[in-house]
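In listed order, ligands and their atoms are each counted from 1. Position 1 is the first residue of the sequence; numbering continues from there. Since the structure is predicted, the reported quantities are computational estimates derived from the model, not experimental observations.
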Amino acid sequence: MKAEDIKKIAVIGAGDMGHGIAEVALLAGYKVAMQDIEQKFVDRGLTRIKESLDKLVEKQKVTAENREAMLGNIETFTDVAECASDADLAIEAVPEIMDLKKKVFQTLDGAAPGHAILASNTSNMSITDIALATRRPEQVVGMHFFNPAVLMKLVEVIKGDKTGEATMQTTYDLALKMNKVPVRIEKDSIGFAYNRVNAPTQVLLSLMVERGHVTPEQIDARMRKIGMPMGPYELMDYVGLDVAYHGARYFSERLSRDYEPPGWLKAKIDAGELGKKTGRGIFDWSKGRPEIDLSKAKEDFDPAVLIAVQVNEATKLLEEGVVNSADEIDKAMASGGGSGVGPFQMARGIGYDKLAAICENLAHEFGVKVFEPTATLKKGKI
Ligand code: 3HC
């Protein structure tokens, strides 16, 4: 099947990501079927799509007629099988729990037409493992959007061990039709590109907070002052501390124990403080976006430490053949978040030797193997 043959897209899950992906598909002119387990979740997803479309109408990016036409193109369901029964492509966006994803894929495989591609929006998890739940692993692929899906440009297109080239190409072309920036992930690897490159920064920031070197507000204020639209802690709240926690556990089980979720994060999960979605996380969201006091910025915090661990992790993706080039990694990192610039671009300005030395020091100071500089970073010819 080619991307031109896709007419109807099913989205499983109407939460933060699911409703956003459904909206992206509507904006690109597709018919959409959106499902969640209870009517109230489906209704909430639909309301959020309407609110977002209203913003786009306000900004004259979408006409009022177009908005109505799009809302006429979406159907909602509480049953996965019904939702996918005549879809050409289904995108799963349910919580990051492997057994749950497998159950959804098994149902999709039984219900969706034989030609349909089954895609997962998982942030970190193995596409190969998810595909095992189906009898069409060559048509199972990762299609990873970024939050908020309507604004963030990146879509990682992830090849599981059995994903066919035709499936990869169709999914890549579909992302282009959705006005996104697709990046091919050639090898099924934990966290793919964007989340993998960012993962060591979470480890470092958590260690710095735990040891009392900094507070989340001091870091966020500093990063905002140098141009980031959101500091790393506010972003964690925005995406959801549950997502961060499940991600860290998965990284810890599959990649390195260095990624074990910190105690404070587990405490937040146990207290039901998941960030924006519950009104409280690291910050208070009860009155909307938290006010970060920029005067609290820790001016002697050098953001080069974050760039160092990012670029070091990015070199591992090159060494492991997960992404084909440094430029593709930069494209992913510049399009997935709000920074607009990739780690290799920044590294060239700072110097690979300086960044390798920073990684060496961090690995020693914190006793964290993940920070140790790779041979590629030390060589520096990237
Ligand atoms: N629909 C339509 N428009 C929206 C919108 C939505 N859902 N959300 C925000 N906007 C618009 C606003 O109306 C506003 O428009 P204007 O500039 O014309 O007034 C504009 O976007 C900016 O929004 P805000 O003024 O509310 O706030 P910001 O300027 O801070 O922008 C943000 C919000 C776009 C989220 C920005 O803070 C940002 O880029 N943050 C970083 C996001 C990021 O890094 N995402 C990646 C997370 S990692 C991930 O998703 C991976 C996963 O696997 C976990």
Q: Is R48 paired with E51 through a side-chain N to carboxylate O contact shorter than 4.0 Å?
A: no

Q: Can you list the ligand 1 atoms lying under 4.0 Å from a non-hydrogen atom of G337?
A: 43 (C), 44 (O)

Q: Of all the heavy-atom pairs spanning P343 and I329, show the shortest one and how long it is.
A: CG-CG2, 4.5 Å

Q: Below 4.0 angstrom, N of the basic side chain to O of the carboxylate: do D173 and K2 qualify?
A: no

Q: Under a 4.0 Å N-O cut-off, is there an ion pair linking D242 with K277?
A: yes

Q: Do NZ/NE/NH1/NH2 and the carboxylate oxygens of E96 and K101 come within less than 4.0 Å?
A: yes

Q: If you scan the protein for heavy atoms around atom 15 (O) of ligand 1, do you find one that is closer than 4.0 Å?
A: yes

Q: Among all protein non-hydrogen atoms, which one is nearest to atom 1 (N) of ligand 1, and what is the separation to 0.1 Å?
A: S52 OG, 2.6 Å

Q: Got a protein heavy atom sitting under 4.0 Å from atom 40 (N) of ligand 1?
A: yes

Q: Who's closest to atom 37 (O) of ligand 1 heavy-atom-wise, of H246, M230, E156, K59?
A: M230

Q: What I want to find out is whether R184 reaches E156 closely enough, with some N-O distance under 4.0 Å, to be called a salt bridge.
A: no

Q: Would you call K8-E75 a salt bridge at under 4.0 Å N-O?
A: yes

Q: What atoms in ligand 1 come closer than 4.0 Å to a heavy atom of F146?
A: 49 (C), 50 (O), 51 (C)

Q: In plain terms, say whether E319 and K379 are close enough for a salt bridge, that is, a side-chain N and a carboxylate O under 4.0 Å apart.
A: no

Q: Heavy-atom distance from atom 32 (C) of ligand 1 to the protein below 4.0 Å?
A: no

Q: Give me the residue, atom name and distance of the protein heavy atom closest to atom 43 (C) of ligand 1.
A: L235 CD1, 3.5 Å

Q: Which atoms of ligand 1 sit under 4.0 Å from any heavy atom of Y238?
A: 35 (C)

Q: Would you mind checking which non-hydrogen protein atom is closest to atom 36 (C) of ligand 1, with the distance to 0.1 Å?
A: P229 CB, 3.9 Å

Q: Report yes or no: does a heavy atom of H144 sit under 4.0 Å from some atom of ligand 1?
A: yes

Q: Heavy atoms only: which of L151, N121, D16, D54 is nearest to atom 4 (C) of ligand 1?
A: L151

Q: When you check the gap from the basic side-chain N to the acidic O, do R249 and E253 get nearer than 4.0 Å?
A: yes

Q: Strictly below 4.0 Å, N to O, side chains only: are R289 and E234 in salt-bridge contact?
A: yes

Q: Measure across P303 and I226 and return the closest heavy-atom pair with its distance rounded to 0.1 Å.
A: CG-CD1, 3.5 Å

Q: Give the atoms of ligand 1, by number and element, whose distance to some non-hydrogen atom of G336 is under 4.0 Å.
A: 45 (N), 46 (C)

Q: How does N195 reach ligand 1, by side chain, by backbone, by both or by neither, if only non-hydrogen atoms under 4.0 Å count?
A: side chain

Q: Please identify which atoms of ligand 1 are closer than 4.0 Å to at least one heavy atom of V150.
A: 1 (N), 6 (C), 7 (N)

Q: Does S123 reach ligand 1 with a nitrogen or oxygen that is under 3.5 Å from one of the ligand's nitrogen or oxygen atoms?
A: yes

Q: Closest by any non-hydrogen atom to atom 5 (C) of ligand 1: pick that one out of M17, K55, E51.
A: K55

Q: May I ask you to say whether E320 pairs ionically with R196, meaning some side-chain N is under 4.0 Å from a carboxylate O?
A: yes

Q: Is F145 near ligand 1, meaning one of its heavy atoms is under 4.0 Å from it?
A: no

Q: Are the aromatic ring centres of F146 and Y194 under 6.0 angstrom apart?
A: yes

Q: If the cut-off is 4.0 Å to any non-hydrogen atom of V239, which atoms of ligand 1 fall inside it?
A: 47 (C), 54 (C)

Q: Strictly less than 4.0 Å: does any protein heavy-atom distance to atom 22 (C) of ligand 1 fall in that range?
A: no

Q: Please state which protein non-hydrogen atom is closest to atom 50 (O) of ligand 1 and give its distance, to 0.1 Å?
A: N147 N, 2.9 Å

Q: May I ask you to check whether R289 has an N/O atom sitting below 3.5 Å from an N/O atom of ligand 1?
A: yes

Q: Charged N to carboxylate O under 4.0 angstrom, R67 versus D54?
A: yes

Q: My question is simple, although I want it checked carefully: is atom 25 (O) of ligand 1 less than 4.0 angstrom from any protein heavy atom?
A: no

